[in-house]
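Labels below follow one simple rule: chain letters A, B, ... track the order of the sequence lines, proteins then strands, and each chain is numbered from 1. As a basis for the values below, the full set of heavy atoms in this structure was taken, side chains included, without hydrogen atoms, waters or symmetry mates.
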2 protein chains.
Amino acid sequence: MGRRHPGAPTLEEVAARAGVGRGTVSRVVNNAAGVKESTRRAVQRAIAELGYVPNLAARSLAGQRADAVALVMTEPRWRQFAEPFFSEIVHAIGDALAGTGPQLLLTLVRSDAERRRFLEYARGGRVDGVLLMSVHADDPLPDMLAEARLPTVLMGRRSGDERVSYVDADNAGGARSAVAHLLATGRRAIATITGPPDMYVAQCRLRGYREALASAGLDTRPSWVAEGDFTIEGGHRAMTRLLERHPEIDGVLAASDTTAEGALEALRAAGRRVPEDVAVIGFDDFPLAERTAPRLTTVRQPLEDIGRTMVQLLLQEIEEPSVAWRHVILRTELVVRESA
Amino acid sequence: MGRRHPGAPTLEEVAARAGVGRGTVSRVVNNAAGVKESTRRAVQRAIAELGYVPNLAARSLAGQRADAVALVMTEPRWRQFAEPFFSEIVHAIGDALAGTGPQLLLTLVRSDAERRRFLEYARGGRVDGVLLMSVHADDPLPDMLAEARLPTVLMGRRSGDERVSYVDADNAGGARSAVAHLLATGRRAIATITGPPDMYVAQCRLRGYREALASAGLDTRPSWVAEGDFTIEGGHRAMTRLLERHPEIDGVLAASDTTAEGALEALRAAGRRVPEDVAVIGFDDFPLAERTAPRLTTVRQPLEDIGRTMVQLLLQEIEEPSVAWRHVILRTELVVRESA
DNA sequence: GTGAAAGCGCTAACAT
DNA sequence: ATGTTAGCGCTTTCAC
């Protein structure tokens with residue numbers, strides 16, 4: 001492996017050149033107060049002349065901090081990567097970290113080997129904290145990080161009682177308002193296509209659907225619920241099944257915008273007009289919908305807020321390690337795009 | 001900032017517990033040879049009992065290596081992020097780095113501030129090398145890294161005489177073979193839509209187009225060349241212009257698949273049938289084409305090979321720092337999908 | 001305000 | 001085969 005350029009000037013050499021002690025140079029480099037202006041200037045000149053660059057490994061070792069945080073992307077094969085949702089959230093986090101904060105490091109964790117390597121990296125103290133995205137219910141990573149006492153913030157949660165800090169959208173609330181909107185616009189035969197039943201986010205959205213119907217005095221029989229998997233194809237298949245069971249359907253809540261996309265395909269293939277015959281509302285996890293179904297009413301997630309909040313929580317936990325877990329649930333917004 | 005868990009056991013404590021010297025523990029931890037099996041076992045037990053985790057900052061400092069490489073993503077607003085091309089290449093690099101290699105760290109560099117921060121990070125010795133993607137011609141980052149003597153490998157090049165190692169696709173060759181295919185299938189009125197003229201990749205593709213026509217004894221007047229910008233909209237506009245100038249067009253080389261996409265839209269809007277009336281070939285930087293225009297003939301770039309080769313070059317340069325720049329040009333492949 | 005000195009936890013070279 | 005030692009380059013008291 002590559003040795004770092006050996007002749008690189010050290011703090012000591014800078015000190016010698018400037019005719020001061022190492023402590024003083026350190027103070028100047030770190031913008032610490034309590035250095036006479038003339039001294040500071042002299043040191044800065046020495047730094048410039050020598051082309052001095054602080055060795056961060058040494059700084060980490062002495063200072064007990066990494067000045068970096070990791071954003072972990074799980075998923076064996078991140079197609080997500082290719083999804084605007086992902087891009088948005090990463091940029092939001094990057095923005096939130098702009099300015100003075102630590103360096104943001106994105107890391108792929110797609111296999112056990114990669115998980116091990118990352119854990120070694122993180123527990124080795126090379127990051128001060130970890131942000132996790134779209135973690136599966138059975139992913140052990142969050143708990144392993146927590147056990148290593150590394151500040152950790154999840155995006156979304158794996159279950160109802162998550163033992164790690166997280167930021168999540170109000171999925172149940174979003175579903176409720178979507179269904180309420182369908183009801184308000186006169187729909188009565190409302191079905192839903194869910195996400196994978198083992199994902200908490202999917203459970204919440206389904207619950208919201210049921211609650212909304214229940215509070216309108218309508219009951220939900222199982223045959224109005226079809227299982228999808230957050231893909232276009234899954235949405236297509238589920239919609240097809242629903243149409244067979246209930247040709248009278250006039251409203252659909254899709255658990256993601258990809259699902260909505262698939263549902264639309266199936267509806268059109270069956271000759272239904274949208275939204276005249278059937279209104280479809282999807283969660284726009286993936287603002288993809290903006291392109292493919294721009295006129296669809298959607299439940300929007302505040303991606304920017306989610307990213308900003310995650311960073312905020314993480315920095316807090318880094319600053320003052322505590323035994324508490326912080327949870328933030330952000331409101332979703334119903335974006336009405338057609339008059340159904 | 002968060003102090004690393006203070007009570008964390010050190011190598012020394014492990015040594016004490018196992019009743020051996022620190023050197024021995026270090027050897028065991030690093031899987032070095034020359035440790036009696038029984039000793040190794042004892043050390044491993046002590047490690048397990050204490051829950052010892054090596055401090056990587058200390059290792060970096062002593063060992064002069066970071067065991068990490070960065071993959072830098074420039075672009076002020078990475079929409080690219082959302083593009084399959086990007087996803088593919090990242091995964092390819094991740095795969096190539098799997099196994100024993102260093103940790104892969106993706107970093108965003110979207111602004112001057114972020115560039116400075118990353119430079120500090122990289123020059124501070126926290127990575128052993130840097131991979132760069134889609135760098136603009138005027139981006140100073142590669143040169144700054146080179147100046148800092150950090151092993152660096154570019155994907156694509158900024159100009160004909162790049163002073164940094166890079167891996168690139170044979171863009172001119174790809175364009176030549178595409179045009180040759182159009183000619184071979186009887187097309188004669190062949191236009192091209194270029195990318196941004198200040199991008200070297202676009203220049204190469206244009207050159208290939210010209211060379212192919214020239215070697216067929218046809219000459220290329222400027223009016224057959226329209227400037228695009230690698231976007232769908234740009235492709236659309238350029239195609240519209242071309243149709244006005246040369247209604248007799250029967251073949252188009254598009255400098256990207258998004259460009260091809262836009263060209264297709266414009267052709268259809270003008271009532272042309274593809275490929276009956278006009279054949280379109282695009283470079284599929286972004287395998288998007290697989291979805292939107294699955295039946296189009298394309299020039300395919302070997303993304304996996306590019307990723308693998310980049311990693312290979314980088315590891316080589318890390319291993320044996322040299323003054324040479326290594327350049328690899330990978331063959332493209334013409335994927336014929338329709339009988340024009 | 002500034003210098004000196006004591007680590008931070010590890011690797012690697014050198015003894016043994 | 002294993003223990004010992006000398007740094008790696010910085011931050012941070014603690015004197016002055």
Side-chain angles (χ1 to χ4, degrees), chain A residues 1-43 46-47 50-67 120-121 123-126, chain B residues 1-44 46-47 50-67 120-121 123-126 128:
Chain A
M1 280 294 169
R3 313 208 146 4
R4 184 146 175 273
H5 200 55
T10 69
L11 195 156
E12 176 133 33
E13 300 178 63
V14 173
R17 172 148 197 148
V20 302
R22 321 181 343 181
T24 304
V25 178
S26 178
R27 276 166 215 135
V28 171
V29 169
N30 293 291
N31 282 316
V35 179
K36 214 194 315 174
E37 195 47 34
S38 61
T39 316
R40 178 182 300 274
R41 204 104 56 190
V43 171
I47 288 177
L50 261 40
Y52 167 73
V53 178
N55 178 322
L56 297 188
R59 177 177 288 172
S60 279
L61 182 56
Q64 311 274 72
R65 86 190 28 131
D67 282 322
E120 190 183 326
Y121 189 82
R123 303 209 307 165
R126 311 231 22 177
Chain B
M1 280 296 168
R3 318 217 142 357
R4 183 146 176 274
H5 201 55
T10 71
L11 196 158
E12 177 134 29
E13 300 179 64
V14 173
R17 172 145 197 151
V20 302
R22 317 181 347 177
T24 303
V25 177
S26 179
R27 277 167 214 134
V28 171
V29 169
N30 294 290
N31 281 315
V35 179
K36 214 195 312 176
E37 194 48 35
S38 59
T39 316
R40 177 181 301 273
R41 203 104 56 190
V43 171
Q44 280 164 339
I47 289 177
L50 261 41
Y52 167 73
V53 178
N55 178 323
L56 297 188
R59 178 178 288 172
S60 279
L61 182 55
Q64 311 273 75
R65 87 189 29 128
D67 281 323
E120 190 184 325
Y121 189 82
R123 303 209 307 165
R126 311 230 21 177
D128 296 317

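Across all their heavy atoms, A:A66 and A:S60 have their closest contact at CA-OG, 3.8 Å. When all heavy atoms are compared, the tightest approach of A:V29 to A:P54 is CG1-CG, 4.0 Å.
B:K36 contributes atom NZ, which lies 12.5 Å from atom CZ of B:R41 (distance to the nearest 0.5 angstrom). The structure places CZ of B:R126 at 9.5 Å from CG of A:N55, a figure rounded to the nearest 0.5 Å. Summarising the geometry, atom CZ belonging to B:R40 is positioned 6.0 Å from atom CG belonging to B:N31; distances are rounded to the nearest 0.5 Å. Note that CD of B:E120 and CG of A:D67 are 8.5 Å apart. Values are rounded to the nearest 0.5 Å. Expressed to the nearest 0.5 Å, how far CD of B:Q64 lies from CG of B:D128 amounts to 11.0 Å.
The distance between atom CG of B:L56 and atom P of D:dC10, rounded to the nearest whole Å, is 19 Å. Taking atom CZ of residue B:R40 and atom P of nucleotide D:dA1, one finds them 11 Å apart after rounding to whole Å. Remark: P of C:dG9 and CG of B:L50 are 13 Å apart, rounded to the nearest angstrom. Taking atom CZ on A:R41 and atom P on C:dG1, their separation rounds to 16 Å, with Å as the unit. Here the C1' atom of nucleotide D:dT11 and the CG atom of A:L61 are 10 Å apart, to the nearest Å. One atom, CD of B:Q64, and another, P of C:dT11, lie 13 Å apart when rounded to the nearest Å. Look at CG on A:D67: it is 20 Å from P on C:dC8, rounded to the nearest Å. Regarding A:R59, its CZ atom lies at a distance of 15 Å from the C1' atom of C:dC8, rounded to whole Å.
Comparing D:dG7, C:dC8, D:dC10 by their closest approach to the side chain of A:L11 singles out D:dC10. Among the nucleotides D:dC8, C:dT2, D:dC10, the one closest to the side chain of A:P54 is D:dC10. In this structure, of C:dG7, D:dT12, C:dG9, it is D:dT12 that holds the atom nearest to the side chain of A:R65.
The stretch residues 15-22 of chain A touches DNA chain C through A:G19, A:V20, A:G21, A:R22, each having a heavy atom under 4.0 angstrom from the strand. A heavy-atom distance below 4.0 Å to DNA chain D is reached by these residues of residues 27-37 of chain B, ordered by number: B:R27, B:G34, B:V35, B:K36.
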Would you tabulate the side-chain donor-acceptor contacts of residues 11-25 of chain B under 3.5 Å, counting partners in other chains and residues two or more places apart, or write 'none'?
from, atom 1, to, atom 2, distance (Å)
B:E12, OE1, B:R22, NH1, 3.3
B:E13, OE2, B:T10, N, 3.1
B:R17, NE, B:E49, OE1, 2.7
B:R17, NH2, B:E49, OE1, 2.9

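Residues B:T39 and B:R27 fail the side-chain proximity criterion, which asks for heavy atoms closer than 4.5 Å.
A:S26 comes within 4.0 angstrom of a nucleotide base, judged by non-hydrogen atoms across all strands. Nucleic acid contact class of A:T39 (heavy atoms, under 4.0 Å, all strands): sugar-phosphate only.
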